[in-house]
Amino acid sequence: MRIDVVTIFPEYLAPLELSLIGKARQDGLLDLRVHDLRAFTTDRHRTVDDTPYGGGAGMVMKPEPWAQALAAIAGDRPEGAGKPVLIVPSPAGERFTQALAYELAEEKHLAFACGRYEGIDERVIDWSRDHFDVRPVSLGDYVLNGGEVAVLAMVEAIGRLLPGVVGNPESLVEESHSDGLLEYPVYTKPSVWRDREVPAVLLSGNHGRIAQWRRHEQFRRTAQRRPDLLEGFDAGKLPRADRTEL
Ligand SMILES: N#Cc1ccccc1Cn1ccc2ccc(-c3cc(N)[nH]n3)cc21
C-alpha cells in the first residue's frame, strides 16, 4: 500500500518510523511518504493560511498550496491503482471505525490531508473530487488542533491490518471491535499477584471452556461499557448462556 500524508508539521508523523509501522515500511509492505505543504507555496514567506471570508476567529488554510500538493500526489499513482482515496481528518467527518479501517486497508493508494488552523478552504475538498475519492473522517466527537494526531491513529489502525505487518494474524481476530464486541480481559504470570488471582478457568487447560468464558466476557464487557455496540447485534449468535445474561 502507498500512503501519502500532507502536513505543515512533517515531524508530527515521525512516530510512524517506529515499531510495527516502521518495520512494515522497512520491509516494503507500506510505502509511506510525508509531504510538507509549505514546499508547495510560491511566496517568500511560504504562506499557507489567511483570514476567513465572513470574519470570525482564527485563520483558514489557503487553497492553492493544497491543490499543488494533491495534484502532485494524484499524478504519481502506483501501478494499477485507480483514483486514490483522500482522507481529510475533520470534526465534521464520518466516524473512523474498525470497519472503515478494514475497508481502507483494501485500497492500493491512500492520501491524508492534515488541516490546521480553523480548517482547509472548502473549495479544496470540492476540487479534489475530480482527482480522489474524498472522505472527510472524524476520529471522535472532540476537537483536536489539527489532523496529524488523527492520521497517526488511522495509519496505525489501517497499517496493522495489512498482510505481514502483525506477526500473528490470529491476534487481529479476537481484539476489540474485530467482531463487533469489546475484547475479553487478558492475564499473564504470576498466577497470583498482590493477592489477586487469575480466573481459574484460564489455568484449566480446557480450551472449550476457556473459549466460552472469553466469549461471555466479551458480551459482559460490551453490555457494561458500550451497550451501543449491542444494538442490532444478532442475539441468535449468542451462546444460550450469554443470551439469558444480557
Ligand atoms: N477543522 C477544524 C477546526 C475547527 C474549529 C477549531 C479547530 C479546528 C482544528 N482543526 C483544524 C484542522 C483539523 C483536522 C481535524 C480535526 C479533528 C478531527 C477530530 N476528530 N477532531 N478534531 C481538527 C482540526
Side-chain angles (χ1 to χ4, degrees), residues 3-16 21 32-41 43 45-74 84-105 107 109-129 131-161 175-177 180 182 225-226 228-229:
I3 293 182
D4 289 277
V5 183
V6 182
T7 170
I8 59 171
F9 294 123
E11 61 277 20
Y12 230 112
L13 283 303
L16 296 177
I21 300 301
L32 194 148
R33 307 176 191 192
V34 179
H35 310 271
D36 185 344
L37 181 68
R38 292 189 193 280
F40 297 90
T41 60
D43 66 304
H45 299 293
R46 296 161 60 92
T47 309
V48 293
D49 64 310
D50 206 332
T51 53
Y53 278 119
M59 303 290 272
V60 172
M61 299 193 92
K62 294 169 64 66
E64 188 56 23
W66 277 107
Q68 294 294 331
L70 294 174
I73 291 166
V85 178
L86 176 64
I87 297 151
V88 185
S90 165
E94 66 178 292
R95 188 68 178 272
F96 186 69
T97 61
Q98 190 67 14
L100 183 51
Y102 274 108
E103 178 189 332
L104 295 173
E107 295 291 336
H109 189 186
L110 300 178
F112 290 86
C114 296
R116 278 276 155 174
Y117 307 101
E118 300 297 311
I120 302 170
D121 185 306
E122 190 65 20
R123 292 169 292 181
V124 173
I125 308 301
D126 183 55
W127 170 87
S128 296
R129 296 194 194 286
H131 308 273
F132 297 90
D133 169 10
V134 181
R135 306 280 291 267
V137 176
S138 168
L139 206 55
D141 294 338
Y142 41 82
V143 181
L144 300 166
N145 285 330
E148 288 80 4
V149 165
V151 170
L152 285 171
M154 289 190 269
V155 168
E156 180 158 309
I158 296 163
R160 66 195 298 274
L161 300 178
E175 60 193 13
S176 281
H177 303 290
L182 301 184
R225 299 179 184 178
R226 289 291 305 277
D228 58 296
L229 294 178

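Atoms within each ligand, like the ligands themselves, are counted from 1 in listed order. All values below come from the heavy atoms of this structure, side chains included, with hydrogens, waters and symmetry mates left out.
Summary of contacts: the protein heavy atom closest to atom 20 (N) of ligand 1 is Leu139 N, 2.9 Å. Atom 7 (C) of ligand 1 has its closest protein heavy atom at Val143 CG1, 3.7 Å. In this structure, atom 6 (C) of ligand 1 lies nearest to the protein heavy atom Glu118 OE1, 3.7 Å. When only non-hydrogen protein atoms are considered, atom 22 (N) of ligand 1 lies nearest to Leu144 N, 2.9 Å.
With salt bridges taken as basic N to acidic carboxylate O contacts below 4.0 Å, one links Arg135 and Glu103. A salt bridge links Arg123 with Asp121: the closest approach of a Lys/Arg side-chain nitrogen to an acidic carboxylate oxygen falls below 4.0 angstrom.
Thr41 places no side-chain N or O within donor-acceptor distance of the main-chain N or O of Asp43, the cut-off being under 3.5 Å. A donor-acceptor distance shorter than 3.5 angstrom exists from the side chain of Ser138 to the backbone of Gly140, with no hydrogens or angles considered.
Heavy-atom contacts of Tyr142 reach the following atoms of ligand 1: 19 (C), 20 (N), 21 (N), 22 (N) (cutoff under 4.0 Å). Each of the atoms 20 (N) of ligand 1 lies under 4.0 Å from some heavy atom of Gly140. Close approach to Tyr117 involves these atoms of ligand 1, each under 4.0 Å from a residue heavy atom: 7 (C), 8 (C), 9 (C), 10 (N), 11 (C). Taking a cut-off of under 4.0 Å to the non-hydrogen atoms of Pro89, the atoms of ligand 1 that pass are 14 (C), 15 (C).
Looking at Ser90 against ligand 1, only its backbone comes within 4.0 Å, counting heavy atoms.
At a 3.5 angstrom cut-off on N or O pairs, Gly147 does not count as close to ligand 1. Remark: ligand 1 and Arg116 share no N or O pair separated by less than 3.5 Å (distance only, no angle test).
Atoms CD1 and CZ, on Ile8 and Arg116 in that order, are 6.5 Å from each other to the nearest 0.5 Å.
Of the options Gly115, Pro136, Pro91, the smallest heavy-atom separation from atom 1 (N) of ligand 1 is shown by Pro91.
For Gln68, the side-chain hydrogen bond (donor to acceptor under 3.5 Å, both in side chains) test picks out Glu64, with sequence neighbours left out. With sequence neighbours excluded, no residue forms a side-chain hydrogen bond (donor to acceptor under 3.5 Å, both in side chains) with Thr97.
More than 12 non-hydrogen atoms from other residues, nucleotides or ligands lie less than 6.0 angstrom from OH of Tyr142.
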